[in-house]
Amino acid sequence: MSKNIYVLSDLHGHFDIFIQMLKKINFNDDDELYILGDCCDRGPDSLKIYMYIKKLKNIHLIKGNHEYMMQEALSCNLENDDFDYSMNVVKLWIANGGDKTINSINDYLEKDTMKYEDYCIIRREFLKRVYEYLKSLPNYLEISVNEQNYVLVHAGIDVRKPLNQQVENDLLWIREKFYLQRGDLTKIYIFGHTPTVLLNDDFSFDIWFDTINHNKIGIDGGLACGTVGQLNCLCLNDGKITVIEKNSI
């Protein structure tokens, strides 16, 4: 069986849509899937996504800005032994939908079924493992498919610098200073972070292709955008695009 290489991004807690996509593309053990960050926040089942992909060696997660916000908030939690809402890093995370992820953690750990003291002990050990997992995630990956070189990254890069000199903040947060610039034409950059409705001339959530420099592909279908949006999945072997609309599930 031939090996297919897939890329998708910005699941934002929508586990059911993610599983539906895997079924739709007939994802199997011979395939490889790269997720360009932001699996958590805003949607209901962030933790389910991490628990699922962590078990599979052929699914690779790249850190997004939401993973980073979660990572820093969990670091604060481990230092203070609580989700201290007065801390700026926690407030930033919650303001960006982190409260949904906190709820999914509490549900998973069955907070309401045990004494608070016991819960705190279990939560601390669990969050320590989650924090270490998030901390270990790469900020970008380079792969080659059919002799084409790709850079997979959440937000983009500073095109003035080589890859090994990138600043984490740019890789996680950059927008116009990346996708409006020329960059290295020997590589194709595939990124999420910026919903494609902000990139496409027709204001659709479809995958965006850079028609000027032909070296960038935006795939964030806007699952974080309220009741609209879609999950886009791109197969790098043949360019096939698979879409699941949010309101179809």
Side-chain angles (χ1 to χ4, degrees), residues 5-12 32-42 60-75 88-89 92-93 95-98 131 133-201 203 205-225 232-234 236 239:
I5 310 296
Y6 297 98
V7 185
L8 57 79
S9 186
D10 293 80
L11 290 165
H12 285 290
E32 299 277 337
L33 171 64
Y34 294 88
I35 303 176
L36 308 187
D38 283 10
C39 288
C40 62
D41 304 342
R42 299 201 171 110
H60 314 282
L61 176 60
I62 294 169
K63 186 181 296 184
N65 61 308
H66 282 260
E67 275 81 27
Y68 179 80
M69 287 187 287
M70 182 180 179
Q71 167 192 302
E72 295 305 290
L74 294 188
S75 176
N88 287 335
V89 292
L92 175 64
W93 183 38
N96 284 278
Y131 169 79
Y133 170 66
L134 296 174
K135 189 78 173 175
S136 71
L137 295 175
N139 287 322
Y140 68 87
L141 289 172
E142 292 185 86
I143 64 172
S144 180
V145 181
N146 296 336
E147 299 184 351
Q148 173 63 59
N149 295 323
Y150 295 93
V151 175
L152 310 180
V153 63
H154 177 64
I157 69 165
D158 182 341
V159 298
R160 301 168 299 177
K161 301 176 183 178
L163 274 175
N164 61 2
Q165 294 180 19
Q166 294 294 315
V167 176
E168 186 174 50
N169 189 67
D170 286 333
L171 297 167
L172 299 177
W173 293 93
I174 199 169
R175 293 192 194 272
E176 292 89 346
K177 290 183 179 179
F178 160 65
Y179 60 74
L180 293 180
Q181 304 302 315
R182 182 171 180 268
D184 182 356
L185 298 180
T186 67
K187 301 173 181 177
I188 293 178
Y189 301 88
I190 306 181
F191 65 102
H193 185 56
T194 300
T196 56
V197 68
L198 302 176
L199 302 172
N200 286 315
D201 292 337
F203 304 106
F205 286 100
D206 295 336
I207 289 180
W208 173 79
F209 294 90
D210 182 351
T211 57
I212 297 175
N213 299 303
H214 306 285
N215 67 337
K216 302 179 194 70
I217 301 174
I219 63 172
D220 178 3
L223 287 183
C225 299
N232 298 317
C233 183
L234 174 64
L236 298 183

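Index from 1, following the sequence.
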With rounding to the nearest 0.5 Å, note down the distance linking [atom1] in [X] to [atom2] in [Y].
| X | Y | atom1 | atom2 | value |
| --- | --- | --- | --- | --- |
| His193 | Ile219 | NE2 | CD1 | 13.5 Å |
| Lys63 | Tyr133 | NZ | OH | 11.0 Å |
| Leu234 | Ser9 | CG | OG | 12.0 Å |
| Ile5 | Glu32 | CD1 | CD | 5.0 Å |
| Thr196 | Phe203 | OG1 | CZ | 12.0 Å |
| His66 | Trp93 | NE2 | CH2 | 11.0 Å |

request  = Could you walk me through whether Asn149 and Ile188 pass side chain to side chain contact (heavy atoms under 4.5 Å, CB included), step by step?
outcome  = CA-CA 6 Å; Asn149 295 323; Ile188 293 178; over 6 Å; no
Mind listing the closest non-hydrogen atom pair of [X] and [Y] along with its distance?
| X | Y | value |
| --- | --- | --- |
| Leu36 | Gly192 | CD1-N, 4.2 Å |
| Asn232 | Phe205 | ND2-O, 2.9 Å |
| Cys40 | His12 | O-ND1, 3.0 Å |
| Val7 | Leu236 | CG2-CD1, 3.8 Å |
| Asn96 | Asp41 | O-CB, 3.7 Å |

I'd like to know if the side chain of [X] reaches the main chain of [Y], judged simply by a donor and an acceptor atom lying under 3.5 Å from each other, with no hydrogens or angles considered.
| X | Y | answer |
| --- | --- | --- |
| Lys216 | Arg182 | yes |
| Asp220 | Gly222 | yes |
| Asp170 | Gln166 | no |
| Glu67 | Cys39 | yes |

Beyond-backbone contact of [X] with [Y], side-chain heavy atoms, under 4.5 angstrom:
| X | Y | answer |
| --- | --- | --- |
| Gln148 | Val145 | no |
| Ile157 | Leu171 | yes |
| His154 | Asp10 | yes |
| Lys187 | Glu142 | yes |
| Phe191 | Ile217 | no |
| Ser75 | Tyr131 | yes |

query = Going through the checks in order, is the side chain to side chain contact (heavy atoms under 4.5 Å, CB included) test met by Asp158 and Phe178?
reply = CA-CA 6 Å; Asp158 182 341; Phe178 160 65; over 6 Å; no
ask   = Does a sphere of radius 6.0 Å around NZ in Lys161 hold more than 12 heavy atoms from other residues, nucleotides or ligands, not counting ones at 6.0 Å or beyond?
value =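 Yes, the 6.0 Å shell around NZ holds more than 12 heavy atoms from other groups.
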query = More than 12 foreign heavy atoms under 6.0 Å from CG of Leu185: is that the case here?
reply =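 Check passes, neighbour count above 12.
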ask   = Would Tyr34 and Tyr6 count as a close aromatic pair, with their ring centres under 6.0 Å?
value =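 No: the rings miss the under 6.0 Å criterion.
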request  = Test Ile62 against Val153 for side chain to side chain contact (heavy atoms under 4.5 Å, CB included), laying out the working first.
outcome  = CA-CA 7 Å; Ile62 294 169; Val153 63; 5.7 Å; no
query = How are the rings of Tyr179 and Trp208 set to each other: parallel, tilted or perpendicular (split at 30° and 60°)?
reply =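 Rings of Tyr179 and Trp208: perpendicular, as their planes differ by over 60°.
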inquiry  = Let's go through Asp38 and Leu11 carefully: what are the C-alpha distance in whole Å and the side-chain angles of both, what is the deciding distance for side chain to side chain contact (heavy atoms under 4.5 Å, CB included) to 0.1 Å, and is it a yes or a no?
reply    = CA-CA 6 Å; Asp38 283 10; Leu11 290 165; over 6 Å; no
query = Which of these, Ile35, Leu134, Leu141, sits in a side-chain contact (heavy atoms from CB on, under 4.5 Å) with Leu61?
reply =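 One option only clears the test, and that one is Ile35.
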